[in-house]
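Just follow the structure's listing: the first ligand is 1, and inside any ligand the first atom is 1. Because the structure is a prediction, the values reported are computed rather than measured. Residue numbers start at 1 and run along the sequence shown.
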Amino acid sequence: MALHIHKYGGTSVGSLDRIRAVAQNVVKQREAGDDVIVVVSAMAGETNRLESLGQELSNKPKNREMDVLLSAGEQVSAALTAMALDQCGCEARSYLGWQVPIVTDANHTRARFESIETKRLKDDLAAGITPIVAGFQGVDGGGDITTIGRGGSDTSAVAIASALNAEECRIYTDVDGVYTADPRIVDDAQKLEVVFFEEMLELASLGSKVLHPRAVEYAANSGVTLRVLSSFIEGQGTLITFEDANMERPVVSGIAHAIDEAKLTVVGVPDVPGVASTILGPIAGASIEVDMIVQNIGSDGTTDFTFTVKRRDYDTAKGILDGIIKDIGARDVIGDNAIVKVSVVGVGMRSHAGVATRMFDALAAEDINIQMISTSEIKISVVIAEQYLDVAVRSIHKVFDLGNNVTVA
Ligand code: ADP
Ligand code: ASP
Ligand code: MG
């Protein structure tokens with residue numbers, strides 16, 4: 001008898017009918033002889049709704065209260081899923097984070113897991129009861145409710161899979177696997193049978209919503225087998241696995257895009273040692289994450305220093321830079337929060353030159369200006385104006401023949 005963790009996302013528990021379908025899926029696996037622990041997200045749109053209620057009421061809601069508020073979404077779906085399973089004659093019991101308990105640090109709204117007590121879950125399984133655990137939440141050492149960051153239920157499921165040494169952690173969502181690009185943008189995107197952890201980590205970190213990057217990292221570090229499947233249609237989904245040198249791989253496995261980007265340029269910075277740290281020090285001090293950085297020396301001997309941040313941090317970052325440009329002797333700060341990042345990812349790139357050129361050719365053919373470029377061993381990212389997102393992703397998808405899956409390394 002194997003233990004599987006099933007995680008159902010917002011759309012998969014988005015209505016009572018959907019929750020009934022989830023129950024059927026769990027019953028089917030139980031009837032096949034396996035144990036199942038279910039981890040649920042809030043019903044689609046619910047966490048956003050709760051978040052805007054908090055923000056409407058208070059211009060600076062305390063993170064502790066936001067956690068109490070946002071965690072309520074998963075409480076509802078966990079209880080409803082347990083009821084739906086009971087209705088199918090399969091005894092189930094819902095658990096909030098503190099009841100398991102899933103212990104985290106006290107970093108409200110972005111807590112990290114510290115430990116998961118497995119006794120109640122194991123006792124339930126031994127008694128033939130299916131535990132339904134609310135994702136995204138935990139409890140800190142002082143007994144306060146915490147949440148682990150938006151989109152965190154994937155990571156909750158992986159952490160539980162790791163704590164219980166489950167055979168497989170199945171992420172059920174509204175697509176039947178990981179595709180060569182977001183199927184909402186590219187009609188002929190192809191489902192991938194297998195994606196390597198290293199590629200999935202890049203794809204997820206570069207914006208592919210289908211798996212949360214922390215979940216992929218956690219699974220890779222703790223050896224949890226991950227599979228992405230549809231909660232709507234049957235199939236094998238996509239297996240996320242460790243790299244196998246014998247497996248034939250395409251040069252490019254997939255394309256990711258991120259729409260929540262913004263760019264800031266400090267213009268006319270004196271070209272002296274220490275400037276990068278003077279600019280980025282206060283940004284880091286405000287807990288703002290910096291992604292791509294480009295610095296180039298102009299003909300007058302000064303430097304233009306450009307970097308990207310998440311769009312939600314744009315105003316704060318701009319304010320910080322406006323406050324320091326005088327001190328560092330720079331001329332101006334200009335910004336653009338209507339940019340997106342498009343990336344190609346694939347382990348096949350390690351052994352293949354010319355990938356960047358093909359990507360840039362595809363963008364040039366569509367008259368799309370590349371504003372920034374960054375590369376690593378298995379990815380190339382470009383920043384472009386947001387209005388070109390769809391055209392860019394489709395043309396890059398085409399240039400690497402990803403619709404036919406024929407570009408093999
Ligand atoms: P859930 O609510 O189940 O967690 P998400 O909305 O977080 O679901 O993730 C699923 C969505 O991810 C899909 O609907 C799809 O539009 C998007 N997506 C982005 N990139 C990809 C990709 N490469 N493959 C599959 N889906 C992707
Ligand atoms: N409900 C939470 C969110 O929307 C967590 C999740 O769904 O993964 O961010
Ligand atoms: Mg998700």
Participant: Decide, yes or no, whether a salt bridge links Asp315 with Lys318 under the criterion of side-chain N to carboxylate O below 4.0 Å.
Facilitator: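 No, this pair does not count.
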Participant: If the test is side-chain contact (heavy atoms from CB on, under 4.5 Å), which one of Val210, Val175, Asp188 qualifies with Pro183?
Facilitator: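 That would be Val175.
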Participant: Could you verify whether a donor N or O on one side chain and an acceptor N or O on the other, from Ser395 and Glu366, lie under 3.5 Å apart?
Facilitator: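 The criterion, which ignores hydrogens and geometry beyond distance, is not satisfied for Glu366 and Ser395.
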Participant: I'd like to know if the side chain of Thr147 pairs up with that of Asp67 as donor and acceptor (distance under 3.5 Å, no hydrogens or angles considered).
Facilitator: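 Result is yes, a qualifying pair exists.
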Participant: Hey, which residues fall under 4.0 Å of ligand 2 on heavy atoms?
Facilitator: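 Lining ligand 2 at under 4.0 Å, by heavy atoms, one finds Ser41, Ala42, Thr47, Glu74, Phe136, Arg150, Gly151, Gly152, Ser153.
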Participant: Against the six-membered ring of Phe232, is Arg18 placed for a cation-pi contact (under 6.0 Å from the centre, within 45° of the normal)?
Facilitator: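 Arg18 over Phe232 ring: yes.
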Participant: Under 3.5 Å, side chain of Arg358 to main-chain N/O of Val399, donor-acceptor pair present?
Facilitator: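 Checked: pair present.
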Participant: Please enumerate all residues that pass side-chain contact (heavy atoms from CB on, under 4.5 Å) together with Glu193, with sequence neighbours excluded.
Facilitator: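 Applying side-chain contact (heavy atoms from CB on, under 4.5 Å) to Glu193 gives Lys191.
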Participant: Hey, could you give me each pair passing side-chain hydrogen bond (donor to acceptor under 3.5 Å, both in side chains) that has a residue in residues 282-295? Not counting sequence neighbours.
Facilitator: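 Output for this query lists Asp291-Lys341.
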Participant: Between Arg30 and Val36 (side chain of the first, backbone of the second, donor and acceptor by atom type, cut-off under 3.5 Å), is there such a pair?
Facilitator: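 It does not hold such a pair.
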Participant: What residues sit with at least one heavy atom under 4.0 Å from ligand 1?
Facilitator: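 Lining ligand 1 at under 4.0 Å, by heavy atoms, one finds Lys7, Gly9, Gly10, Thr173, Asp174, Val175, Gly177, Val178, Tyr179, Ala181, Asp182, Pro183, Arg184, Ser208, Lys209, Val210.
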